[in-house]
Amino acid sequence: MIRVLSVASECAPLVKTGGLADVVGALPHALRKQDVEVRTVLPGYPAILAAVDWVDDVMHEDDLFGGRVEVFHARAAGLELLVVKADHLFGRDGAIYLNSEGADWSDNAERFACLSWMAARLAVEPHGGWQADIVHCHDWQAGLVPLYLRTLPGGGRVRTLITIHNIAFQGLAPVEKLERLRIPGWAFTPDGAEYWGKISPLKAGLVYADRLSTVSPTYALELMTPAFGMGLDGVIRERAADLCGILNGIDLDVWSPEHDGSIERYGAPEGKAANKAALRDLFGLPEGGGPLAVVISRLSEQKGLDLLIEALPSFLDAGGQLALLGSGDRALETRFRDLAETHAQVGVHIGYNEALSHRMMAGADAILVPSRFEPCGLTQLYGLRYGTVPVVALTGGLADTVIHANDAALKRGVATGLQFAPVTAEALKGALARLVELHAQPEVWRTLQTNAMSHPVGWESSAATYAALYQDMMAPA
Ligand code: ADP
Ligand code: GLC
């Protein structure tokens, strides 16, 4: 039995802004079958405090960054949690990272340093007889844990892993906060936690953790290049020997057409026509013989949806339809709303809607993911599961999870979707034209759907890989 303390800023189904939450919420269940016991350290946002069953008080600190902090053991959604209750830092309504103007909370550095500090203490102070062997840190919000452990007695006993879900977020803070954040002076150097004169919690994690991982093998390689490393590629290259890429899975109890409570008609290909008709109704789309493609996404530069706007006219001319669910960048929201107003073949829902996302997956012919970079990506995995053919940029986890329908792959009967490169509007246009062409050939299309549906997308294999990694980390050096 290996005991893992997982540290993260979000966790589905309790609080979610993206795929990180899905991974943090699903992996512990899959690891249980691998004889790994996980406790997850989370910030005590109001939504979390309201959802959990209290088990026990664990520890407290009278004054951390201006207020009292308490950690309690709790349960929710089948997960063992350690909730860091700090009302002065987490007791706010609204988005978890952003204020009402859409800007980062000015004390995000303190908020997640608090999470990391308490997690480091939890790792070295056994609670209720439970002592962690490994701390698994997720993204910059948990990046300071390995550094804090170096300052705590007994910290050297615990092994640490940091997983990069998205290097675009690094949590930089001004040097003036060094002492306040309890970062020792010796660590503020270019080969430590300093990044061009600022404090970088993510870099601290990359430098001081025993091992590094990311969420696909291709992204692990991309991260070591200037084009994808976002200024940290050199740091990651230095640690190449300690880095690996492990693909995300999806929770098949939540995402499976056979037992998806959000949809009325089950299963593709048989149920697809009825689900598609229902989806057209939801988005006010007319009848039509062409493929209905969906997008379910944060609207940000990363996701490449501006390329889709450019590529869309020729797809619509060829009989394609688009239904988009997303929110984020205000300018993109407006552009998609305008498209829906001027084109009968386009339906847009701006917002976040979990139930609708399931209906879209069930009813669509294709899911589009034209990302400029994508560490893993989950929606193409849902697509595979629902026979909703993924059309993806050839990058990161999208490259690792979809088998491109070129002539050879079609002939051998292994293709599961379409990939395009380079990530430009022109190449996307080509992929959409190919989508229309394949969709018009019922036999080919059906093979593509059934191949997609039989592609393994659950957690089993990746959970075994994480368990092996933890095991390896614990082996004496
Ligand atoms: P990222 O984490 O970069 O946003 P992923 O593909 O890993 O990308 O995960 C995104 C997750 O968020 C998926 O579960 C997806 O279904 C969900 N999602 C994104 N936008 C929305 C939305 N507007 N409504 C419902 N779910 C959404
Ligand atoms: C990030 C990435 C996404 C990945 C998710 C979970 O948000 O953008 O590609 O699937 O984390 O690891």
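Read the numbers this way: they start at 1 and go in the same order the structure lists the ligands and their atoms.
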Quiz item: Any side-chain heavy atom of E80 sitting closer than 4.5 Å to one from R75?
Solution: yes

Quiz prompt | Protein heavy-atom partner closest to atom 9 (O) of ligand 2 - residue, atom, separation in Å | solution = E374 OE2, 2.4 Å

Practice problem: Can you label the angle between the H138 ring and the H165 ring as parallel, tilted or perpendicular, going by 30° and 60°? | Solution: tilted

Quiz item: Just heavy atoms, cut-off under 4.0 Å: does D22 contact ligand 2 by side chain, backbone, both, or neither?
Solution: neither

Exercise. Check N166 against ligand 2 and report side chain, backbone, both or neither, counting heavy atoms closer than 4.0 Å.
Key: side chain

Practice problem: Name all pairs fulfilling the salt bridge (charged side-chain N to carboxylate O under 4.0 Å, His left out) condition that reach into residues 217-235, sequence neighbours left out, sorted by first residue then second. | Solution: D233-R237

Quiz item: In terms of atom number and element, which parts of ligand 2 are under 4.0 angstrom from non-hydrogen atoms of V23?
Solution: 6 (C), 12 (O)

Quiz item: So is G397 close enough to ligand 2, meaning a heavy atom under 4.0 angstrom away?
Solution: no

Quiz item: Any salt bridge between R372 and D306, counting N to O under 4.0 Å?
Solution: yes

Self-check item: Between CZ on residue F315 and CG on residue L428, distance to nearest 0.5 Å
Solution: 9.5 Å

Self-check item: Aromatic ring proximity W140/F169, centre distance under 6.0 Å
Solution: no

Self-check item: Protein contact to atom 2 (C) of ligand 2 [nearest heavy atom, distance to 0.1 Å]
Solution: H165 O, 3.2 Å

Quiz item: Hey, does V215 come in under 3.5 Å of ligand 2, counting only N/O atoms on both sides?
Solution: no

Mind listing the side-chain donor-acceptor pairs of residues 107-119 below 3.5 Å, one per line with the distance, residues two or more places apart or on another chain?
from, atom 1, to, atom 2, distance (Å)
D107, OD1, R92, NH1, 3.0
D107, OD1, R92, NH2, 3.4
D107, OD2, R92, NH2, 2.5
N108, OD1, R111, NH1, 2.8
N108, ND2, Y97, O, 3.2
E110, OE1, K177, NZ, 3.0
E110, OE2, K177, NZ, 3.2
E110, OE2, R180, NE, 3.1
R111, NE, L89, O, 2.7
R111, NH1, I96, O, 2.8
R111, NH2, I96, O, 3.1
S116, OG, F112, O, 2.9
S116, OG, Q141, O, 3.0
W117, NE1, E61, OE1, 3.3
W117, NE1, E61, OE2, 3.4

Quiz prompt | From G19, G377, A168 - option closest to atom 10 (O) of ligand 2 by heavy atom | solution = G377

Can you give me a line-by-line list of nitrogen or oxygen pairs between ligand 1 and the protein shorter than 3.5 Å?
from, atom 1, to, atom 2, distance (Å)
ligand 1, 2 (O), G19, N, 2.6
ligand 1, 3 (O), R298, NH2, 2.7
ligand 1, 3 (O), K303, NZ, 2.8
ligand 1, 4 (O), R298, NE, 2.7
ligand 1, 6 (O), L378, N, 2.8
ligand 1, 8 (O), K303, NZ, 3.1
ligand 1, 9 (O), G19, N, 3.2
ligand 1, 14 (O), K16, NZ, 2.8
ligand 1, 14 (O), D22, OD2, 3.3
ligand 1, 14 (O), Y382, OH, 2.7
ligand 1, 23 (N), G351, O, 2.8
ligand 1, 24 (N), N353, N, 3.0

Self-check item: Sole candidate of S256, P456, S454 that passes side-chain contact (heavy atoms from CB on, under 4.5 Å) when paired with R385
Solution: S256

Quiz item: Who pairs with W459 by ring-ring contact (aromatic ring centres under 6.0 Å, His included), at least two apart in sequence or on another chain?
Solution: none

Quiz item: What residue and atom, counting heavy atoms only, is the protein's closest point to atom 8 (O) of ligand 2, and at what distance?
Solution: Q302 NE2, 3.1 Å

Quiz item: Less than 4.5 Å apart, any side-chain heavy atom of K429 and any of P313?
Solution: no

